[in-house]
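Numbers here are sequence positions counted from 1. This is a predicted model, so every value here is computed, not measured. The analysis underlying the following values was restricted to heavy atoms, covering all of them including side chains, and did not include hydrogens, waters or symmetry mates.
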Amino acid sequence: MRDNAKSGALTEVTFYILLSLYTPKHGYAVMQFVEEKTGGRLSLGAGTLYGALNSLQDKKWIEPYGDSGGRKKEYHITAQGKEIAEKELARLNELVSIASEIIGGAV
């Protein structure tokens, strides 16, 4: 994942994964969430998803949830992950605001 730590910009996939985990989910449910919310525009393969989940765990933005002894391991967003997602939302809102001023809401 190529999240830009300096500017705070997240990849779209990372942002959607973080949003999906405000409610605990297992990997397949995360894949379904992303596909549903993007109308099928983004579709994550298992390798991409599990690589992203591992990376997000390493960053302490998500963590395992509940009893992970079962076959389907669930994850949820951490306080640090929520802070990152909220900063991304603010960044995107600023971007939309500036673009709307320039374009005039034509989009």
Decide yes or no on side-chain contact (heavy atoms from CB on, under 4.5 Å) for L53 and L21, but give the supporting numbers first. CA-CA 11 Å; L53 291 173; L21 294 175; 4.3 Å; yes
Going by ring pair (Phe, Tyr, Trp, His ring centres under 6.0 Å), name the pairs with one or both residues in residues 74-96, residues two or more places apart or in two chains. Y65-H76
Can you confirm whether V13 sits close enough to V34 that some side-chain heavy atom of one is under 4.5 Å from a side-chain heavy atom of the other? no
For K87, check side chain to side chain donor-acceptor pair (under 3.5 Å) against everything at least two apart and list the hits. E83
Can you list the residues that meet the side-chain contact (heavy atoms from CB on, under 4.5 Å) rule with E35, with sequence neighbours excluded? S43
Pairs where residues 34-57 contributes a residue and the test ring pair (Phe, Tyr, Trp, His ring centres under 6.0 Å) is met, not counting sequence neighbours: none
Determine yes or no for a side-chain-to-main-chain donor-acceptor pair under 3.5 angstrom, with T78 supplying the side chain and W61 the backbone. yes
From CD1 (I84) to CD (E86), nearest 0.5 Å: 10.0 Å
Rounding to 0.5 Å, atoms CG (L44) and CD1 (I17) come to a distance of 5.5 Å
Are P64 and Q57 packed together at the side-chain level, in the sense that at least one heavy-atom pair is separated by less than 4.5 angstrom? yes
May I ask you to check whether S100 and S97 show a side-chain donor-acceptor distance below 3.5 Å? no
Do you reckon L89 sits in the same ILVMFWY cluster as I62, going by side-chain contacts under 4.5 Å, direct or chained? yes
Scanning both residues in full, the closest heavy-atom pair of G81 with L18 reads O-CD1, 4.2 Å
Using modelled atom types only, decide if a donor and an acceptor are shared between the side chain of K25 and the backbone of S20 within a distance under 3.5 Å. yes
Is a side-chain donor or acceptor of T14 paired with a backbone partner of L10 at a separation under 3.5 angstrom? no
Report the distance from atom CZ of F33 to atom OH of Y28, rounding to the nearest 0.5 Å. 15.5 Å
Can you pull out every salt bridge (charged side-chain N to carboxylate O under 4.0 Å, His left out) where at least one residue sits in residues 37-49? Sequence neighbours excluded, please. E12-R41
Measuring from N93:CG to I98:CD1, what's the distance to the nearest 0.5 Å? 11.0 Å
Start with the C-alpha distance between R91 and E94, add both sets of side-chain angles, then the distance that settles salt bridge (charged side-chain N to carboxylate O under 4.0 Å, His left out), and finish with yes or no. CA-CA 5 Å; R91 186 189 72 79; E94 178 184 31; over 6 Å; no
Applying side-chain contact (heavy atoms from CB on, under 4.5 Å), name anything that partners K60, two or more places apart in sequence or on another chain. Q80
